Amino acid sequence: MPQKIVPPPEPPEEAYPQSDLYRIRHSLAHIMAQAVLEKFPGAKIAIGPPVRHGFYYDFDLPRPIKEEDLKDIEARMREIIAEDHPFVRRVVSPEEARDLFKDQPYKLELIEDILNRGTDEYGNPLPPGETPILTTYRHGPFEDLCRGPHVERTGQINPKAFKLLSIAGAYWRGDENNPMLTRIYGTAWHTEEELQQYLRWREEAQRRDHRRLGRELGLFYFAPEEIGPGIPLFTPKGEIIRHLMESFVREVQTRYGYQHVWTAHIVKETLYERSGHLANYAEFMFPPMVDGNDRYRLKPMNCPSHMTLYKKMGKHSYRELPLRFAEFATLYRYEKKGELQGLTRVRALTQDDAHIFCTPEQIEEEFLLALKIIQEVLNRYRFTDYRVRLSLRGQGEKYIQDEEKWRQAEAALRAALDAAGLDYFEAEGEAAFYGPKADFLAQDVLGREWQLSTIQVDFIMPARLGLTYIGPDGKEHTPVVLHRAVTGTTERFLGILIEHYAGAFPVWLAPVQAVVIPITDAQAAYAHEVASKLREAGLRVEVDDRAETMQYRIRQAQLQKVPYMLIVGKREVAQGTVSLRLRSGENLGAMSLEAFLQKAREDIEAGV
RNA sequence: GCCACCGUAGCUCAGUCGGCAGAGCAGCCGCCUCGUAAGCGGCAGGUCGCGGGUUCGAGUCCCGCCGGUGGCUCCA
């Protein structure tokens with residue numbers, strides 16, 4: 001198991017607002033605002049809250065800010081800390097507040113909102129029972145509309161434990177119709193050591209960036225100008241990994257009673273009209289291809305295709321259910337340009353999708369089965385830390401009104417989660433409009449949480465598309481459909497895996513499992529002989545007999561993170577052995593081919 | 001889509017005040033035949049993202065577009 005590399009510990013989410021770290025970060029946001037106002041006279045200030053790992057403040061600046069400016073701002077912040085100003089809270093009347101912030105239009109907007117709508121300064125509703133009062137915090141010359149809390153004095157902040165990190169754009173109040181403000185992010189901790197640990201963690205994340213490793217390991221490329229933005233090209237090595245990933249999930253699914261189907265990449269638009277997707281998600285579809293009176297779309301999701309297939313296969317008896325259709329389907333979604341990111345957000349994506357057609361009574365059992373598949377798959381990929389978010393119906397009108405169905409489905413999901421012994425938390429109002437769902441949030445070795453698997457209950461689309469089965473009563477009923485993805489999409493999951501493993505894939509997934517390195521030309525023939533024997537035994541093996549030094553070729557294999565290096569020199573030829581070096585640098589010495597194969601089989605089995 | 005920054009060889013990058021486009025690695029050729037992370041020499045490699053403008057002269061300055069990065073918004 002690889003060692004976890006994590007940022008310094010943070011208080012749990014519930015306790016964060018009362019923690020010292022929160023006060024420090026919140027106070028630094030104010031101090032930064034003061035420094036920015038001094039450097040940019042006439043700047044308008046918006047909001048500056050603490051966030052995970054740090055804080056930010058949003059500004060409307062009179063001139064663009066540069067990265068170099070951050071150093072000056074940081075230096076001024078340290079001076080303010082050294083001046084050791086007390087933070088002074090006071091309650092102000094609406095008139096006083098309006099006067100105090102008369103040159104700060106964003107603050108004036110906040111004041112009116114607090115007074116009229118009972119929200120806090122970030123626009124969130126106040127806790128029940130709290131009346132809207134206006135408070136400010138002042139340190140030195142800087143006074144800000146703020147609920148606190150803060151440290152008592154600026155001097156309580158460790159001047160060596162914070163750093164300004166980056167400049168970004170952010171919409172006022174997060175609404176893309178509002179003006180774009182300049183956001184400055186900073187990080188802050190108790191001690192310099194914690195700051196250093198945090199910065200090392202960030203560097204490690206950069207070092208593992210799958211876009212960089214993907215190129216260095218020769219797995220995939222993007223050709224935005226030639227092929228198009230967000231559409232990856234996979235090399236032979238990259239394709240092998242995709243193939244292994246999909247074969248693995250396919251094998252598990254088959255074992256669990258899934259059947260694999262195939263549906264094409266283009267579909268008549270009319271199907272998406274009936275399914276309801278066109279009305280809601282047209283902006284995520286590529287524009288239509290027009291053929292006479294027909295319009296075709298690149299398939300952005302499989303559900304309508306699978307459901308059409310279900311219908312075409314004839315009348316279904318309740319005895320056939322559950323029917324589980326799975327497909328590794330490449331879908332095309334017109335993601336907005338600015339949202340594309342490496343393999344984690346692409347326009348051509350391959351979902352490991354499945355649709356389970358079942359009776360309402362079967363929801364619990366099928367949900368539990370899907371949970372088990374997901375657990376088995378995630379464990380194989382060494383994702384052992386995960387929790388489940390159970391998204392339930394909230395108060396909104398977007399939820400289809402069928403009290404009984406919702407209650408039944410939510411109860412079934414809870415029961416299955418309990419039966420699976422999974423750690424889950426409930427999120428009210430997060431459900432899709434068509435039913436409740438469960439998402440798996442898995443932690444990688446950097447402690448980052450990724451939403452991977454999802455299981456969604458759907459009461460709506462089967463009815464819309466006219467799906468039926470004949471029940472024991474001889475009458476037609478509408479099946480429930482579970483939408484389910486295990487790894488989400490092959491592309492995104494591969495991106496996450498690359499970062500999870502830092503490019504050092506476990507042996508079963510490594511595109512090249514072993515490189516045979518003959519020390520001199522004299523052993524080249526033997527090296528090829530060894531390679532072909534190992535290939536016969538099912539390993540992916542290459543020979544590096546280039547006219548370079550052995551050290552050079554070991555280094556190359558090392559950089560490619562090949563699990564096994566098999567060094568063969570005079571001695572190995574004489575004894576008919578190979579000398580095994582691992583990518584950890586460990587040298588296991590000479591062994592027979594049989595012994596090496598045994599070791600490889602064990603490692604494959606163990607998933608290391 | 002929005003804000004900021006960026007775009008020079010396959011990769012990482014240098015290129016000063018506007019004055020003949022560079023380095024390392026990778027690649028190719030040759031030598032070297034080596035015991036666990038970089039042997040030596042040579043050669044080749046460019047529409048300086050694209051288009052327009054300013055200028056005697058533009059990689060360098062200005063405008064537009066394309067693409068990328070970090071965020072924001074979004075993510076059925």
Side-chain angles (χ1 to χ4, degrees), chain A residues 56 58-61 64-69 165-185 206 209 211-212 215-216 218 221-226 228-230 272 275-285 300-304 331 333-342 344-346 349 351 431-434 437 451 454 456 458 460-461 483 485 488-489 492 517-524 545-560 565-572 579-583 585-590:
Chain A
Y56 68 80
D58 284 344
F59 303 96
D60 193 344
L61 297 173
I65 187 169
K66 292 194 176 75
E67 297 278 346
E68 297 97 81
D69 292 319
L165 296 174
S166 59
I167 300 162
Y171 298 109
W172 166 235
R173 310 201 121 173
D175 185 335
E176 60 183 322
N177 302 311
N178 282 339
M180 179 69 73
L181 304 173
T182 302
R183 177 170 296 179
I184 303 177
Y185 279 100
Q206 267 177 22
D209 189 317
R211 291 167 297 193
R212 175 176 152 177
R215 193 180 54 236
E216 287 174 3
Y221 294 91
F222 282 94
E225 311 265 5
E226 299 89 337
Y272 298 125
S275 69
H277 287 110
L278 197 65
N280 291 319
Y281 308 112
E283 61 176 315
F284 293 106
M285 297 188 194
M301 75 285 296
N302 295 307
C303 334
L331 308 175
R333 294 184 181 179
Y334 194 75
E335 301 285 356
K336 290 189 211 161
K337 284 264 304 290
E339 286 157 8
L340 298 171
Q341 214 222 8
T344 51
R345 198 77 179 270
V346 290
L349 49 124
Q351 238 180 19
F433 69 90
Y434 49 71
K437 62 174 181 172
Q451 185 188 316
T454 181
Q456 310 185 355
D458 186 349
I460 302 310
M461 223 187 301
H483 305 253
T489 76
R492 178 165 176 275
I517 300 175
I519 294 177
T520 73
D521 298 352
Q523 294 89 37
D545 56 1
R546 287 178 292 176
E548 299 285 352
T549 61
M550 177 196 67
Q551 285 86 340
Y552 175 89
R553 287 170 291 155
I554 286 175
R555 179 176 156 80
Q556 294 308 311
Q558 201 71 55
L559 291 173
Q560 288 294 304
M565 282 153 260
L566 302 173
I567 318 295
V568 294
K570 263 184 285 196
R571 294 200 292 270
E572 286 75 14
S579 179
L580 174 60
R581 180 195 159 101
L582 304 180
R583 60 188 161 188
E586 198 181 350
N587 183 358
L588 298 186

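Worth saying up front: this structure is predicted, and the values here are computed from it rather than measured. Here is the naming used below: chain letters follow the sequence lines, and residue numbers restart at 1 for every chain.
Contact annotation for E335(A): no contact, since no heavy-atom pair falls under 4.0 Å across all strands. Among the protein residues, N280(A) comes within range of no part of the nucleic acid, since none of its heavy atoms lies under 4.0 Å from any strand. In this structure, Q551(A) reaches the sugar-phosphate backbone alone: every heavy-atom distance under 4.0 Å involves primed, P, OP1 or OP2 atoms, never a base. Within the nucleic acid shown, A168(A) comes within 4.0 Å of at least one base atom, counting heavy atoms only. Y281(A) comes within contact range of at least one nucleobase, with a heavy-atom separation under 4.0 Å.
Looking at every heavy atom in both residues, P300(A) comes nearest to L331(A) through O-CD1, 3.6 Å.
Checked for salt-bridge contact, R345(A) and E339(A) meet the test: a charged N lies under 4.0 Å from a carboxylate O.
Both T549(A) and E225(A) lie close to RNA chain B; mapped to their nearest nucleotides by heavy-atom distance, the more 5′-ward contact belongs to T549(A).
In this structure, R333(A) is not positioned above the aromatic face of F284(A) in the sense of NZ or CZ being under 6.0 Å from the six-membered ring centre and within 45° of the axis.
For A37(B), the OP1/OP2 oxygens have no side-chain nitrogen or oxygen of R553(A) closer than 4.0 Å.
As rounded to the nearest Å, A14(B) and U60(B) have C1' atoms that lie 14 Å from one another. On the P atoms, C25(B) is 25 Å away from C34(B), given to the nearest whole Å.
The base of G35(B) is paired with the side chain of E572(A) by a donor and an acceptor separated by under 3.5 Å. Side-chain atoms of R345(A) come within donor-acceptor range of the base of C75(B), with a qualifying N/O pair under 3.5 Å. Side chain Q341(A) to base U69(B): no donor-acceptor pair is found below 3.5 Å. Residue side chain S579(A) reaches the base of U36(B) through a donor-acceptor N/O pair under 3.5 Å, judged by distance alone.
Of all nucleotides listed (A38(B), A76(B), G70(B)), A76(B) comes nearest to the side chain of H277(A).
Between E283(A) atom CD and A76(B) atom P the separation is 12 Å, expressed in whole Å.
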